[in-house]
Number of protein chains: 2
Amino acid sequence: MSANSRLTIAAHALAWIGLYQRQGHEVATSEQIASSANTNPVVIRRLLGELRKAGLVESRRGVGAGWSLARELGSMTLLDVYEAVEAGPLFAMHRATPDQGCVVGHGIQPAMRGIYDGIEETLRSELARVTLEDVLRDVLAVPR
Amino acid sequence: MSANSRLTIAAHALAWIGLYQRQGHEVATSEQIASSANTNPVVIRRLLGELRKAGLVESRRGVGAGWSLARELGSMTLLDVYEAVEAGPLFAMHRATPDQGCVVGHGIQPAMRGIYDGIEETLRSELARVTLEDVLRDVLAVPR
DNA sequence: GCTTGTCGTAACCATTAATGTTGCGACAGC
DNA sequence: GCTGTCGCAACATTAATGGTTACGACAAGC
C-alpha cells in the first residue's frame, strides 16, 4: 500500500498543538510543528488547512499568528482526522471498466463494492474509538 | 489513499478461473482473464505469480498452458489474497524520523504503532471472514 | 502607515508505487 | 521443429505524496 503518512502527521500536529496549549501557549506555528515532525512548514500548513476545513483547528494571521485547536482533543477522533486528510476509498476498483459482456466482469464491481463497504465501515468504527486525547496520553506514556 | 486495485483484480482473476473451471475447463490463460478485467495479460501474470507464491493458484507452461486453482474457492479468504498482493502496512509513519528531543516527536511513533496494529488486526479479521466462494456467489447474484 | 512574522497558496521538482507495454527466452505438447 | 503460453526483464506512463521556493495577504505593534 502506498506509504501514506498523512494521518500520522496530522495526529502528530494535533497532539503537538494540544500539548503546547496545555503548557500555556496560545498558538503554535507551522514552523514549530514542522520541526518536531521533521518536515517542511508548508507540508504542515497544507495538512492543517484540511483540518481547519473539517473544523478541528483554527488559524490566525498577522504577527503572533499560528494554529490552535477548535475543540478539545477528547472530542476529536482519528476518524475525524482520517476523513479530513484521506481522499479516496481504501480499496480501488479496476482502472478500466471490466468487460460487461462477461459474467464476472459484469458482476465483480457491485460484488466487491458491497464487501468493501462493510470492511470500510468497520475500519471507520475502529478509528472512531480512538480520540486524540488517547493519542496524546499514549505519546506521553512512552518512556524516554 | 492511493488507488490500489490489486486486491480487486486478484479477486476478479480468482473468481474467473473458478467459474471457468466449473464450466469444465482445465486451465485459464492470462489473456482470457485480462480480457475480462480489461487490462494487460502481463499485469495478470504478475498478480497470479504472487498468488502462486502464496499457494493459491498453479500454472502450467507449454502448449495448453494456463492457470488453475490450487485450492477450492471456499478455502481461500480475501485475507489470503490481501497478504499475497499487498506489501506494506495500511498507515505509514513519518518519512523522516521525528525530533527525538521533543516529547511528541519521541512518543508519537510508538503510540501510533500501537493504535495502527490494533486497527490492522481488525481489518485482517474482516478480510478473513470473506471467502472467494462468497465473492463468486455475489458476482453471480448481480442482475444483468 | 511601516515593519514584522506568519499564514495561504501557487508553482515546480523529486520520489515512489502502480500500471501498461513490448520483447524475448523457456517450456511442453503436438 | 512449430506453436501457444508462461516467466521475466526493461522501459514508459500516470498519479499520489512530499519537499522546496516564492510571494502576496494579513494583522499586531510600533
Side-chain angles (χ1 to χ4, degrees), chain A residues 1-10 12-13 17 20 25-35 37-53 57-68 70 85-98, chain B residues 1-10 12-13 17 20 25-35 37-53 57-68 70 82 84-98:
Chain A
M1 190 124 301
S2 70
N4 179 334
S5 63
R6 298 165 68 81
L7 182 59
T8 303
I9 304 290
H12 185 148
I17 299 171
Y20 197 60
H25 302 92
E26 288 270 322
V27 297
T29 70
S30 61
E31 167 66 34
Q32 294 170 318
I33 301 166
S35 167
N38 196 5
T39 181
N40 191 291
V42 177
V43 173
I44 299 297
R45 292 207 290 269
R46 280 200 288 237
L47 262 179
L48 289 180
E50 297 176 57
L51 297 185
R52 182 182 46 213
K53 276 189 227 156
V57 299
E58 292 168 345
S59 67
R60 279 193 222 161
R61 306 180 67 166
V63 169
W67 302 84
S68 54
V85 303
E86 299 286 355
L90 195 53
F91 301 110
M93 288 298 158
H94 310 61
R95 282 198 173 178
T97 305
Chain B
M1 190 122 305
S2 70
N4 179 332
S5 63
R6 298 165 69 79
L7 182 59
T8 303
I9 303 290
H12 185 146
I17 299 171
Y20 197 60
H25 302 93
E26 287 271 321
V27 297
T29 70
S30 60
E31 167 67 35
Q32 294 170 317
I33 302 166
S35 167
N38 197 4
T39 182
N40 191 291
V42 177
V43 174
I44 299 297
R45 292 208 288 267
R46 278 201 288 239
L47 262 179
L48 289 180
E50 297 177 57
L51 297 185
R52 182 181 47 211
K53 276 188 226 156
V57 300
E58 292 168 346
S59 68
R60 278 193 224 161
R61 305 178 69 168
V63 170
W67 302 83
S68 54
Y82 178 82
V85 304
E86 299 285 356
L90 196 53
F91 301 110
M93 289 297 158
H94 310 61
R95 282 198 174 178
T97 305

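In what follows, chains carry the letters A, B, and so on, assigned in the order in which the sequence lines appear, proteins first and then strands, with residues in each chain numbered from 1.
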Atom [atom1] in [X], atom [atom2] in [Y]: separation rounded to 0.5 Å?
X: B:M93; Y: A:I9; atom1: CE; atom2: CD1; result: 10.0 Å
X: A:N38; Y: A:H12; atom1: CG; atom2: NE2; result: 9.5 Å
X: B:I33; Y: B:T39; atom1: CD1; atom2: OG1; result: 11.5 Å
X: A:R60; Y: A:T29; atom1: CZ; atom2: OG1; result: 13.0 Å
X: A:N40; Y: A:E31; atom1: CG; atom2: CD; result: 9.0 Å
X: B:I44; Y: B:S35; atom1: CD1; atom2: OG; result: 10.0 Å

Closest approach to the side chain of [X], judged atom by atom: which nucleotide of [options] is it?
X: B:T39; options: D:dT17, C:dG20, C:dT19; result: C:dG20
X: B:T29; options: C:dC7, C:dT19, D:dT5; result: D:dT5
X: A:W67; options: D:dG19, C:dT19, C:dG8; result: C:dG8
X: B:A65; options: C:dG20, D:dT20, D:dC6; result: D:dC6

Partners meeting salt bridge (Lys or Arg N to Asp or Glu O under 4.0 Å) with B:R6 (sequence neighbours left out):
B:E50
Atom [atom1] of [X] and atom [atom2] of [N]: how far apart are they, to the nearest Å?
X: A:R95; N: D:dT14; atom1: CZ; atom2: C1'; result: 6 Å
X: A:E58; N: C:dC7; atom1: CD; atom2: P; result: 15 Å
X: B:L51; N: D:dG7; atom1: CG; atom2: P; result: 12 Å
X: A:F91; N: C:dA18; atom1: CZ; atom2: P; result: 13 Å
X: B:R52; N: D:dT5; atom1: CZ; atom2: C1'; result: 13 Å
X: B:H94; N: D:dG19; atom1: NE2; atom2: P; result: 10 Å
X: A:N4; N: C:dA18; atom1: CG; atom2: P; result: 12 Å
X: A:E50; N: D:dT17; atom1: CD; atom2: C1'; result: 12 Å

Residues B:A13 and B:L48: closest non-hydrogen pair is CB-CD2, 4.0 Å
N or O in side chain of [X] less than 4.0 angstrom from [N] OP1/OP2:
X: A:S5; N: D:dG18; result: yes
X: A:S30; N: C:dC7; result: yes
X: B:R6; N: C:dT19; result: yes

Parallel, tilted or perpendicular, judged at 30° and 60°: which one describes the rings of A:F91 and B:Y82?
perpendicular
Proximity to DNA chain D (any heavy atom under 4.0 Å), residues of residues 41-49 of chain A only:
A:V42, A:V43, A:R45, A:R46
Base versus backbone protein contacts along nucleotides 25-30 of chain C [heavy-atom cut-off under 4.0 Å; B, S, -]:
BBBBB-
Given side-chain contact (heavy atoms from CB on, under 4.5 Å), test B:S5 with A:H94 step by step and report yes or no.
CA-CA 6 Å; B:S5 63; A:H94 310 61; 5.7 Å; no
